[in-house]
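Order of the sequence lines sets the chain letters (A, B, ...), proteins ahead of strands, with each chain counted from 1.
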Amino acid sequence: QKEVEQDPGPLSVPEGAIVSLNCTYSNSAFQYFMWYRQYSRKGPELLMYTYSSGNKEDGRFTAQVDKSSKYISLFIRDSQPSDSATYLCAMRRRDDYKLSFGAGTTVTVRA
Amino acid sequence: GAGVSQSPSNKVTEKGKDVELRCDPISGHTALYWYRQSLGQGLEFLIYFQGNSAPDKSGLPSDRFSAERTGGSVSTLTIQRTQQEDSAVYLCASSPHGTGDGYTFGSGTRLTVV
């Protein structure tokens, strides 16, 4: 079993829809949780960064962490065609420099 | 530089050949990482540099893989006697410190072994 599980999709939604992405993990030592966005032929770029349980909102993006369930989510409101990309969850332990990644979910927002 | 630069962006090589992949990190970033992204897989950690030393090589999949960093800057990942299973995108990232925060990724080198 992988340390971080993420449904690879693909996910196709109409413009303006809410996109819901999630990951589950098995290592209870993970403390820091991230979402990266990766456009085709580009490197991942950090989208959201959260510590421990709770919600964080940044514009159209909301990240949720539920440590008791070992489950993290990313919501994209009012999705745009420019949001079409692969979204990767990542996480790390408190004193670690290594990130553990999910497989990534490919999202297409149809105009 | 303004970002992390990797070269070449694409490399096609014959099975059994050696390849060198280059990473030029953001100026002043002391930490440098190599990850591998295979089709349908998440990023897989390969190696971590702090300055010129590599305190963590635990992710290198075999002794055919090696990496070095010189002058606390440019890093080279070398794969000897390439195999088809080495085909992947090799991503380099740098960060100001080795805390796991502030990663900036390059665009990667897409390696195809035929």
Side-chain angles (χ1 to χ4, degrees), chain A residues 1-11 21-27 29-52 56 63 65 72 74 85-107, chain B residues 2-10 21 23-26 29-51 53-60 88-112:
Chain A
Q1 184 185 3
K2 294 180 182 178
E3 204 170 33
V4 181
E5 298 279 358
Q6 183 177 7
D7 186 340
L11 197 59
L21 305 167
N22 58 76
C23 291
T24 59
Y25 62 95
S26 57
N27 190 341
F30 287 138
Q31 295 280 346
Y32 297 88
F33 304 90
M34 290 139 271
W35 286 94
Y36 282 83
R37 178 174 62 194
Q38 186 176 25
Y39 290 116
S40 181
R41 304 278 175 162
K42 297 293 185 183
E45 56 178 335
L46 184 64
L47 203 55
M48 297 289 282
Y49 181 97
T50 54
Y51 169 70
S52 199
K56 182 175 182 179
V65 174
I72 69 170
L74 177 71
T86 296
Y87 291 82
L88 298 144
C89 64
M91 49 200 76
R92 68 174 179 87
R93 297 173 301 179
R94 180 184 295 273
D95 298 319
D96 204 352
Y97 43 78
K98 288 184 291 192
L99 303 183
S100 295
F101 284 85
T105 301
T106 300
V107 174
Chain B
V4 178
S5 178
Q6 291 189 246
S7 62
S9 54
N10 285 283
L21 313 179
C23 173
D24 200 342
I26 291 174
H29 279 193
T30 63
L32 185 147
Y33 317 83
W34 284 96
Y35 283 78
R36 179 168 70 175
Q37 186 174 28
S38 303
L39 194 63
Q41 305 291 318
L43 277 70
E44 171 193 14
F45 170 81
L46 297 179
I47 188 169
Y48 158 62
F49 285 93
Q50 180 58 246
S53 64
D56 188 350
K57 305 179 183 179
S58 63
L60 295 178
V89 177
Y90 289 83
L91 290 160
C92 174
S94 68
S95 67
H97 313 288
T99 60
D101 290 337
Y103 269 56
T104 300
F105 281 92
S107 292
T109 293
R110 184 173 299 269
L111 176 67
T112 304

Can you name the residues of residues 90-97 of chain A that have some heavy atom under 4.5 Å away from a heavy atom in chain B?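 Within residues 90-97 of chain A, near chain B: A/Arg92, A/Asp96, A/Tyr97.
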Part of [X] within contact of chain B (heavy atom distance under 4.5 Å):
X	result
A/Leu99	both
A/Tyr39	neither
A/Pro44	both

So which part of [X] gets closer than 4.5 Å to some heavy atom of chain A, the side chain, the backbone, both or neither?
X	answer
B/Gln37	side chain
B/Thr109	neither
B/Leu43	both

Sequence-distant partners of A/Thr106, side-chain hydrogen bond (donor to acceptor under 3.5 Å, both in side chains), two or more places apart: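 Scan of A/Thr106 (side-chain hydrogen bond (donor to acceptor under 3.5 Å, both in side chains), adjacent residues dropped) gives A/Thr86.
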For A/Thr105, give me all partners under side-chain hydrogen bond (donor to acceptor under 3.5 Å, both in side chains), at least two apart in sequence or on another chain.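 Per chain and number, A/Thr105 pairs via side-chain hydrogen bond (donor to acceptor under 3.5 Å, both in side chains) with A/Gln6.
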May I ask you to list the residues in residues 94-103 of chain B that approach chain A closer than 4.5 angstrom, counting heavy atoms only, ordered by number?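 Contacts with chain A: B/Gly98, B/Thr99, B/Gly100, B/Asp101, B/Tyr103.
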Name the one of B/Phe105, B/Trp34, B/Tyr35 that satisfies side chain to side chain contact (heavy atoms under 4.5 Å, CB included) with B/Cys92?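 Option passing the side chain to side chain contact (heavy atoms under 4.5 Å, CB included) with B/Cys92: B/Trp34.
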Which residue is it: A/Leu46, A/Leu74, A/Thr50? I am looking for the one with a side chain to side chain contact (heavy atoms under 4.5 Å, CB included) to A/Met34.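 The option that passes is A/Leu46.
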